[in-house]
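Chain A is the first sequence line, chain B the second, and so forth, proteins listed ahead of strands; every chain is numbered from 1.
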Protein chains: 2
Amino acid sequence: MNIDGLLSERANYMKASDIRELLKWVTADVISFGGGLPDLSQLPLGEYSDVAKYVISNYGLKALQYGKTEGVDELKDELVKFMSRYGIRADSTQILPTVGSQEAIELVARVFIDPGDVIITEKPTYLAALQAFRVYRARIIGVDMDDDGLMIDKLEDTVKRLRSEGARVKFLYTIPVCQNPTGITMSLDRRKALLELASRYDLMVIEDNPYSYFTFEPVDTTPLKALDREGRVVYMSTFSKIIAPGIRLGWVVADQEVVNWLAIAKQAIDLHTPTLSQYIAYELLRRGIVDKYISVIRETYKVKRDAMLDALSRYMPRGVSWTRPSGGMFIWVTVPSGIRTEDMLALAIRKYKVAYVPGKSFYPDEDVHNNMRLNFTYPTIDQIYDGVRRLANAISEYLNQ
Amino acid sequence: MNIDGLLSERANYMKASDIRELLKWVTADVISFGGGLPDLSQLPLGEYSDVAKYVISNYGLKALQYGKTEGVDELKDELVKFMSRYGIRADSTQILPTVGSQEAIELVARVFIDPGDVIITEKPTYLAALQAFRVYRARIIGVDMDDDGLMIDKLEDTVKRLRSEGARVKFLYTIPVCQNPTGITMSLDRRKALLELASRYDLMVIEDNPYSYFTFEPVDTTPLKALDREGRVVYMSTFSKIIAPGIRLGWVVADQEVVNWLAIAKQAIDLHTPTLSQYIAYELLRRGIVDKYISVIRETYKVKRDAMLDALSRYMPRGVSWTRPSGGMFIWVTVPSGIRTEDMLALAIRKYKVAYVPGKSFYPDEDVHNNMRLNFTYPTIDQIYDGVRRLANAISEYLNQ
């Protein structure tokens with residue numbers, strides 16, 4: 001049968017992620033800076049497998065049974081403690097485990113966005129968040145960043161303008177620390193100014209925070225949620241980088257009313273987050289394995305970031321610039337404005353055997369073509385040097401065409 | 001801050017499931033026939049914990065990493081074999097692992113339903129499917145069943161009527177074998193007639209099949225999908241009953257074009273189904289542990305069904321009738337029409353310490369009050385006898401008021 005006539009209007013707003021499409025081209029001989037994959041080579045696999053065995057043997061009848069949409073109490077209690085170490089005070093009714101932080105973004109979009117509602121984001125911003133918001137047909141407005149992160153004066157201008165146009169601004173979506181894709185961290189002053197502005201204009205703030213657990217040098221990473229006195233901040237994070245992505249486990253911290261709405265929305269999507277993953281995370285937190293692993297990746301990723309920064313300064317031709325992230329997984333590269341990185345990608349992959357994500361995909365509301373996002377966590381040190389050299393050659397060839 | 005002004009229009013169509021709300025009342029001294037929980041007491045926990053340990057030790061770098069939205073190849077290959085044993089021929093590009101079959105329902109709703117579109121279901125039908133369809137503001141039309149399942153002549157009348165009204169019928173959602181909530185199995189003749197009708201009226205059919213793996217007596221359980229020659233049937237099933245619910249793993253079998261759309265929709269929701277759960281299921285299938293466990297629950301649940309049927313005939317007052325399911329997890333009880341089971345529930349739980357799900361929640365488009373769904377898989381044999389006796393007393397008291 002032909003399903004074309006059956007598809008919803010909504011299907012027009014669904015689009016496979018550029019990154020995931022790109023990854024399909026990548027063969028074994030291509031060095032990929034494309035994905036956001038963590039380096040799992042130092043995972044404590046022995047400890048993890050013991051924990052998995054222990055969880056099933058000891059909590060099996062709970063860990064393998066249906067659970068509440070609201071999540072496993074034991075995990076939520078550990079998350080209360082974990083969050084408190086990062087300055088966030090919450091009780092367990094303010095926490096909701098989700099299927100990765102992607103589901104947290106989906107739930108927020110589902111509960112709050114009507115077609116035409118305005119969402120404000122940094123420009124550029126995380127492309128899978130854009131993807132989730134677009135399904136709900138949000139109008140997404142980007143605000144510029146500088147080296148200190150989101151520019152609060154520009155944010156205020158934008159909010160004022162939107163309000164004067166009668167737009168319904170539903171929330172600001174921000175990644176304050178080691179932003180994806182730029183790696184930029186918002187300064188503490190800006191974070192305070194942001195909350196002050198949010199209060200003045202009665203804005204809700206969605207804080208996406210996957211990376212602040214592993215920064216490589218002293219930098220203030222206080223979450224907005226820790227500074228939030230008015231319950232405006234919906235905080236979301238993930239275990240994908242500090243345990244492993246394959247358990248698909250993220251969580252939200254928000255006021256109880258918001259958590260209740262997100263849980264109701266979640267119920268119709270998947271009933272609840274995998275109980276087994278929740279108990280494994282609980283046990284890894286309880287045993288201190290997560291904290292130990294955080295310090296491992298902090299060291300590993302610092303070396304890799306330094307290698308990539310070094311390789312970039314060695315190999316990149318004049319006219320190319322890049323960010324110097326204090327942590328996280330990404331460096332944002334700007335090439336001369338004549339280059340359209342999305343067009344250059346075929347050359348880079350096919351001839352030079354190196355992959356990246358074209359910057360275009362990260363822009364919510366304008367076409368910018370001369371950027372690319374590089375991931376430094378997945379490749380080895382040798383691949384980083386080799387890949388950046390290849391990429392520099394691809395750029396040079398492209399410039400000289 | 002006050003979020004009332006920020007909620008989407010959609011939020012009005014979200015509703016916590018009656019079952020899940022109900023379960024919150026149930027204290028330790030209440031015998032619950034309410035949930036759809038499997039009996040995990042005979043789970044091969046030792047084998048499961050060995051498999052979990054083995055999966056992390058042996059496939060850890062894949063099982064703990066991000067995966068494709070389309071799912072883990074090894075699992076899909078095993079599912080191809082598993083499905084073929086039930087008469088369904090599909091290659092692995094026609095299979096999509098999901099976060100329980102609830103997510104499969106969500107994905108179908110998301111890809112196909114625009115507000116006002118018509119979905120046809122059995123009457124009564126699975127309440128969490130209704131919940132998912134309602135978020136997308138479908139108009140849901142129920143069609144009557146008799147002891148042989150969905151009445152195909154009534155279905156045809158309904159389709160004709162809807163077509164003549166100009167309604168856009170998007171699909172028929174059906175649970176042909178051991179239906180939830182009634183336990184009724186559609187006869188093979190009806191299944192064939194259903195497909196013939198679907199072909200004549202160019203209908204898509206969503207076949208939800210959680211229960212056909214464990215029927216207790218010889219009954220034809222050939223899936224619609226096995227009879228489907230035109231790619232009209234989107235088949236969905238789950239490991240929740242034949243492995244365990246806590247891994248949250250279901251799957252879809254459909255034409256590749258449909259699978260592609262569902263995967264695109266899924267990407268924005270949660271990127272992919274937990275890789276760890278997928279590898280665990282793969283290994284349990286590969287080792288034959290799933291097939292062995294299916295024969296265990298077939299025996300266990302048969303004894304429990306028989307116990308509940310026996311208890312019902314011993315204790316229920318005159319005027320109460322019930323279905324005799326060939327498998328699955330539920331018996332559907334009809335009480336005298338004066339009784340509103342949703343009103344009787346407080347008495348049943350508080351005074352008689354027994355819980356059920358009021359039938360009302362399972363009706364898509366009319367108010368029927370004199371039914372209840374009883375689960376026979378979770379309680380013990382003693383609890384079944386004791387609970388049915390208590391329930392019978394509650395009904396008698398209610399009738400004599």
Side-chain angles (χ1 to χ4, degrees), chain A residues 1 3 6-11 14-17 20 37 40 43 45 48-49 52-53 56-57 60-61 63-67 69 99-100 102-103 106 110-114 128 131-132 135 170 202 204 230-232 244-248 257-258 261 264-265 267-271 274-277, chain B residues 1 3 6-11 14 16-17 20 37 40 43 45 48-50 52-53 56-57 60-61 63-67 69 99-100 102-103 106 110-114 128 131-132 135 170 202 204 230-232 244-248 257-258 261 264-265 267-271 274-277:
Chain A
M1 74 177 296
I3 63 162
L6 296 177
L7 291 169
S8 66
E9 169 79 13
R10 184 180 314 102
M14 293 178 190
K15 196 172 154 294
S17 141
R20 300 184 79 86
L37 273 61
L40 301 190
L43 273 193
L45 282 185
Y48 279 21
S49 62
K53 187 179 168 78
I56 293 178
S57 304
L61 298 189
L64 295 169
Q65 188 54 280
Y66 285 112
T69 307
V99 179
Q102 186 67 31
E103 191 186 48
E106 155 66 23
R110 174 178 276 236
V111 168
F112 291 105
I113 303 176
D114 283 317
Q131 213 183 346
V135 172
K170 284 296 174 82
D202 198 19
M204 185 161 72
E230 301 174 320
R232 308 194 161 277
I247 62 168
R248 305 300 306 122
E257 192 188 2
V258 172
W261 272 109
I264 288 172
Q267 211 173 84
I269 296 179
D270 55 23
L271 300 185
T275 335
L276 180 61
S277 295
Chain B
M1 76 178 295
I3 63 162
L6 296 176
L7 292 169
S8 66
E9 169 79 12
R10 184 181 315 102
M14 295 177 188
S17 140
R20 300 184 78 86
L37 274 62
L40 302 189
L43 274 193
L45 282 185
Y48 279 22
S49 63
D50 286 345
K53 187 179 168 77
I56 292 178
S57 305
L61 297 189
L64 295 169
Q65 188 55 281
Y66 285 112
T69 308
V99 180
Q102 186 67 33
E103 192 185 47
E106 156 66 22
R110 173 177 277 235
V111 168
F112 292 105
I113 303 176
D114 283 317
Q131 215 183 345
V135 171
K170 283 297 173 81
D202 198 19
M204 184 160 73
E230 300 175 320
R232 312 196 157 273
I247 63 169
R248 304 301 305 123
E257 192 189 2
V258 172
W261 272 109
I264 289 173
Q267 212 173 83
I269 296 179
D270 54 23
L271 302 184
T275 336
L276 181 61
S277 295

Considering non-hydrogen atoms only, spot the tightest contact between [X] and [Y] and give its length.
| X | Y | value |
| --- | --- | --- |
| B/Ile56 | A/Ala52 | CD1-CB, 3.6 Å |
| B/Leu45 | A/Gly60 | CD2-CA, 4.1 Å |
| A/Glu106 | B/Ile269 | CB-O, 3.9 Å |

Note, [X] side chain near [Y] side chain (heavy atom, < 4.5 Å):
| X | Y | answer |
| --- | --- | --- |
| A/Ser8 | B/Asp114 | yes |
| B/Val135 | A/Arg110 | yes |
| A/Lys53 | B/Tyr48 | no |

B/Ile113, part contacting chain A, at a heavy-atom distance under 4.5 Å =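 Contact with chain A is through the backbone of B/Ile113 alone.
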query = Which answer fits B/Ala63, side chain, backbone, both or neither, if we ask what part of it has an atom under 4.5 Å from a heavy atom of chain A?
reply =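 Contact with chain A is through the backbone of B/Ala63 alone.
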For chain A, find which of [options] contributes the most heavy-atom pairs closer than 4.5 angstrom.
| options | value |
| --- | --- |
| B/Leu43, B/Val111, B/Leu61, B/Asp50 | B/Val111 |
| B/Lys170, B/Gln131, B/Met204 | B/Lys170 |
| B/Met14, B/Glu103, B/Glu257 | B/Met14 |

Among [options], single out the residue with the greatest number of heavy-atom pairs under 4.5 Å to chain B.
| options | answer |
| --- | --- |
| A/Val258, A/Thr275, A/Asp202, A/Ile247 | A/Thr275 |
| A/Ser277, A/Pro245, A/Ala268 | A/Pro245 |
| A/Gln65, A/Arg232, A/Glu230, A/Glu9 | A/Gln65 |

ask   = What distance do B/Arg10 atom CZ and A/Phe112 atom CZ have between them, rounded to the nearest 0.5 Å?
value = 11.5 Å
